[in-house]
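I have placed the structure first, in the form of structure tokens, so that the comments after it can refer back to it.
Naming convention: chains lettered A, B, ... in sequence-line order (proteins, then strands); numbering from 1 in each chain.
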There are 2 protein chains.
Amino acid sequence: MKTDKMEKLKYGFEEVKDFLIALGDEKRQIIIIALLNDHACKGLRVIDLTDLTELSRPAVSHHLKILKQIGIVDIRREGTKNYYYLSNAASEINKLRNLLDDVMEVMTEKKEEL
Amino acid sequence: MKTDKMEKLKYGFEEVKDFLIALGDEKRQIIIIALLNDHACKGLRVIDLTDLTELSRPAVSHHLKILKQIGIVDIRREGTKNYYYLSNAASEINKLRNLLDDVMEVMTEKKEEL
DNA sequence: TATAATCGTTCAAATTATTAAACCATTAAT
DNA sequence: ATTAATGGTTTAATAATTTGAACGATTATA
């Protein structure tokens, strides 16, 4: 019946999988909020984030790498200093929003079928 | 400055944490899609899901328990048979959508500040 | 009542994720 | 050129998650 719609859902879930995993971690949530709160938009350094997350430098570095891999964070290098900032997050957010919309649609249709 | 808005974000992230973790797992995604696809709305049994997920019965049972704990799945018992179905998922989805909206809003405001 | 069917629970093993210590590379400053 | 500062990488340990085997509880059926 609605196999095409379900296939779309399946693909949609796959597509946002890493984004969901990245967003589900408490420490990464703290990092994301800190980056959102960086109104000066200079970017934050690893050291800035060790305090906020109460994590070691390598651990912060690791989480930033994950956020970079899913494409919502980017780096700007200034000498030996690395400034991390949110980049392209809107695109990932929209993918997830579209998926949630599709899921809601399927659920609404199911209700109407009864 | 916008500390109240950031506090709201922080709370929002916390609130959807378990939902995000639950949704990030591939096997649980398969289960959710299967439940969405259950147009008859009779609910699906553990056995039905072992085939789809290629998981053992206890593993499926475990994932269903997680989905039940975050409040998007419920059980109906019929004799010895347990039928699982989506329940209250819209509520969790809306929480997540609201958070995504808030994040987008903060990002848009940041752009305007420049 | 005895047997079969269904599914949850417990437990231990395997896998994966997270973390920090130690190390390396690069850049800046002296 | 040395030295200091910054931060990424590797490695090893720890923690968490995922998994299936074995078992237990409940319900249906003979």
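- Minimum atom distance to the side chain of B/Ala59 is reached by D/dG20, of the listed D/dT18, D/dG20, C/dT18.
- Under the salt bridge (charged side-chain N to carboxylate O under 4.0 Å, His left out) criterion, B/Asp101 pairs with A/Arg97, not counting sequence neighbours.
- Between B/Ile66 atom CD1 and C/dT9 atom P there is a gap of 13 Å when expressed in whole angstrom units.
- Distance CG (B/Leu67) to C1' (D/dT17): 15 Å, rounded to an integer number of Å.
- Atom pair B/Leu20:CG and D/dT17:P shows a separation of 15 Å (rounding to whole Å applied).
- Atom CG of B/Leu44 and atom P of C/dT6 are 16 Å apart (whole Å).
- Salt bridge B/Asp102/B/Lys8: present, at least one basic N to carboxylate O contact under 4.0 Å.
- A/Lys27 places its NZ atom 14 Å from the P atom of D/dA15, with the value rounded to the nearest Å.
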(message) Between B/Glu14 and B/Lys17, does the salt bridge (charged side-chain N to carboxylate O under 4.0 Å, His left out) criterion hold? Intermediate values first, please.
(response) CA-CA 5 Å; B/Glu14 268 176 40; B/Lys17 192 180 134 239; over 6 Å; no
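- One can place CG of B/Asp48 at 12 Å from C1' of C/dT6, the figure rounded to the nearest angstrom.
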(request) Indicate for each nucleotide in nucleotides 4-9 of chain D, in 5' to 3' sequence, whether protein heavy atoms under 4.0 Å reach the base (B), only the sugar-phosphate (S), or nothing (-). (result) --SBBB
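- Contact check on B/Lys81 versus B/Glu78 returns no salt bridge, with no Lys/Arg side-chain nitrogen under 4.0 Å from an Asp/Glu carboxylate oxygen.
- When the nearest nucleotides of DNA chain C are assigned to A/Ile21 and A/Glu54 by heavy-atom distance, the more 5′-ward of the two goes with A/Ile21.
- Per the geometry, NE2 belonging to B/His63 stands 6 Å off C1' belonging to D/dT18, to the nearest Å.
- Counting heavy atoms from C-beta outward, B/Asp25 and B/His63 have side chains that approach closer than 4.5 Å.
- Rounded to whole Å, atom C1' of C/dC7 lies 15 Å from atom CZ of B/Arg76.
- Here A/Glu113 does not pair with A/Lys110 in a salt bridge; the nearest charged N to carboxylate O distance is not below 4.0 Å.
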